[in-house]
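Worksheet for the structure shown next.
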Amino acid sequence: MRPPGAAAAERLLVAPCGPALQELSLATATGGGGTGDAVLQRLLRASPRLRLLDLRGCPRVSPRALLSLPCADLEQLHLGLHCSACPPPRAPQGCAALAWRWRHSLRELDLAGLCFGEQDLAQALAAFGPAAPLRSLDLAGTRVAPEALSALLLRCPSLLYLDVSSCRRLPRGTKRAHRGRAELGRCLRLLLGAGVVPRTPPEPPDPQQLPHSPPELPWAAGQ
């Protein structure tokens, strides 16, 4: 547990980054919790040109904090939890709102190990259509549904890398990393061959319905 006043001390020590900032990595491999909402918002409140944000191993950053950032054209967003020492699981929502906000600019999205719900993930994937620039998507260890995944593969020709390792809802043969259009096409054929019917949620999410999350919100998926 962090000592009393630790969050306030963090905020005092962090100065905002400048408006020219385009890349920021706060990733950690230790599973200790990493950066929280207040620090992230203070760092980036004056950085509208940000293109790359790497928060791997930082489960205390909430979707609502990310949506409050001024960067309008984020291209790479890495949120995955690739460490088994991460905090205990809960089930927040918000990945759909993130995907819809930056669907026009995102080229890489990493949600590995996060415990977003099936419907939230389906709405997130629905954000990416034929004109989306998305090239790389990491969904390893998530609750992605085969219906939502097959719909994405049918309508997103720009996708070149997909990791769905350890996704329990997917059929045999698909739960791995797929590289290139040939492997992605094979993944789609396996999904359709298993009787999966592609399905897309009818409406985008409403960011105003996101819960007001406490600073210590963990995103880690259950084991």
> Would a 4.5 Å heavy-atom cut-off, applied to side chains only, mark D163 and D110 as touching?
Replying inline: no

> With hydrophobic residues grouped by side-chain heavy-atom distances under 4.5 Å, do L154 and V164 end up in a single group?
Replying inline: yes

>> For a 4.5 angstrom cut-off between non-hydrogen side-chain atoms, does L43 reach L21?
In response: no

>> To the nearest 0.5 Å, what is the distance between OG1 on T200 and CG on L125?
In response: 9.0 Å

> Linking I/L/V/M/F/W/Y whenever their side-chain heavy atoms sit closer than 4.5 Å, directly or via other members, would F116 and W100 fall into one cluster?
Replying inline: no

> Does some side-chain heavy atom of L109 sit less than 4.5 Å from a side-chain heavy atom of S136?
Replying inline: no

>> Evaluate V39 against V61 for side-chain contact (heavy atoms from CB on, under 4.5 Å), listing each step before the verdict.
In response: CA-CA 9 Å; V39 171; V61 175; over 6 Å; no

> Taking all non-hydrogen atoms of both residues, which atom of L188 and which atom of S150 are closest, and how far apart?
Replying inline: CD1-O, 3.8 Å

>> Grouping I, L, V, M, F, W and Y whenever their side-chain heavy atoms are under 4.5 Å apart, do L67 and L111 come out in a common cluster?
In response: yes

> Does the distance from a Lys or Arg side-chain N to an Asp or Glu carboxylate O, for R143 and E118, drop under 4.0 Å?
Replying inline: no

> Out of curiosity, S165 OG to L139 CG, how far, rounded to the nearest 0.5 Å?
Replying inline: 10.0 Å

>> Any heavy-atom pair between the side chains of R45 and P70 that's under 4.5 Å?
In response: no

> Can any side-chain N or O of R169 pair as donor or acceptor with the backbone N or O of P146 at less than 3.5 Å?
Replying inline: no

> Does the S158 side chain pair with the main chain of A132, one donor and one acceptor, at a distance under 3.5 Å?
Replying inline: yes

> Taking the side chain as C-beta and beyond, is there a heavy-atom pair between T142 and C167 under 4.5 Å?
Replying inline: yes

> Going from CZ on R101 to CG on D73, what distance comes out if it is rounded to the nearest 0.5 angstrom?
Replying inline: 9.5 Å

> What distance separates Y161 OH from E183 CD, expressed to the nearest 0.5 Å?
Replying inline: 10.0 Å

> Roughly how far, to the nearest 0.5 Å, is OG1 of T35 from CG of L26?
Replying inline: 4.0 Å

> Can you list the steps and then say if C71 with L44 is a side-chain contact (heavy atoms from CB on, under 4.5 Å)?
Replying inline: CA-CA 8 Å; C71 44; L44 296 177; 5.9 Å; no

>> With rounding to the nearest 0.5 angstrom, report the CG to CZ distance, L153 to R189.
In response: 11.0 Å

Distance-only check: which donor-acceptor pairs under 3.5 Å involve side-chain atoms of residues 47-56, not counting sequence neighbours?
residue, atom, partner, partner atom, Å
S47, OG, G18, O, 3.0
R51, NH1, R49, O, 3.1
D54, OD1, R56, N, 3.1
D54, OD1, R56, NE, 2.9
D54, OD2, R56, NE, 3.2
D54, OD2, R56, NH2, 2.5

>> Looking at Q76, is its backbone amide N or carbonyl O close enough to the side chain of W102 to form a donor-acceptor pair, meaning the two atoms are under 3.5 Å apart?
In response: no

> Any donor-acceptor pair under 3.5 Å linking the side chain of R181 with the backbone of L159?
Replying inline: yes

>> Can a donor-acceptor pair be found, under 3.5 Å and without considering hydrogens, that links the side chain of D37 to the backbone of A65?
In response: no

> Nearest heavy-atom pair of G94 and D120: which atoms, and what distance?
Replying inline: N-OD2, 2.7 Å

>> Quick check against the 3.5 Å criterion: does R186 have a side-chain atom that pairs as donor or acceptor with the backbone of A182?
In response: no

> Linking I/L/V/M/F/W/Y whenever their side-chain heavy atoms sit closer than 4.5 Å, directly or via other members, would L69 and L106 fall into one cluster?
Replying inline: yes

> If we only count heavy atoms from C-beta on, is the L170 to L190 side-chain gap below 4.5 Å?
Replying inline: no

> So, for L98 and P63, which heavy atoms are closest and what is the spacing to 0.1 Å?
Replying inline: CD2-O, 3.9 Å

> Between the side chain of S105 and the main-chain N/O of L74, is any donor-acceptor distance below 3.5 Å?
Replying inline: yes

> Is a side-chain donor-acceptor pair under 3.5 Å present for H78 with D138?
Replying inline: no

> Are any side-chain N or O atoms of R168 and backbone N or O atoms of S166, one a donor and one an acceptor, separated by less than 3.5 Å?
Replying inline: no

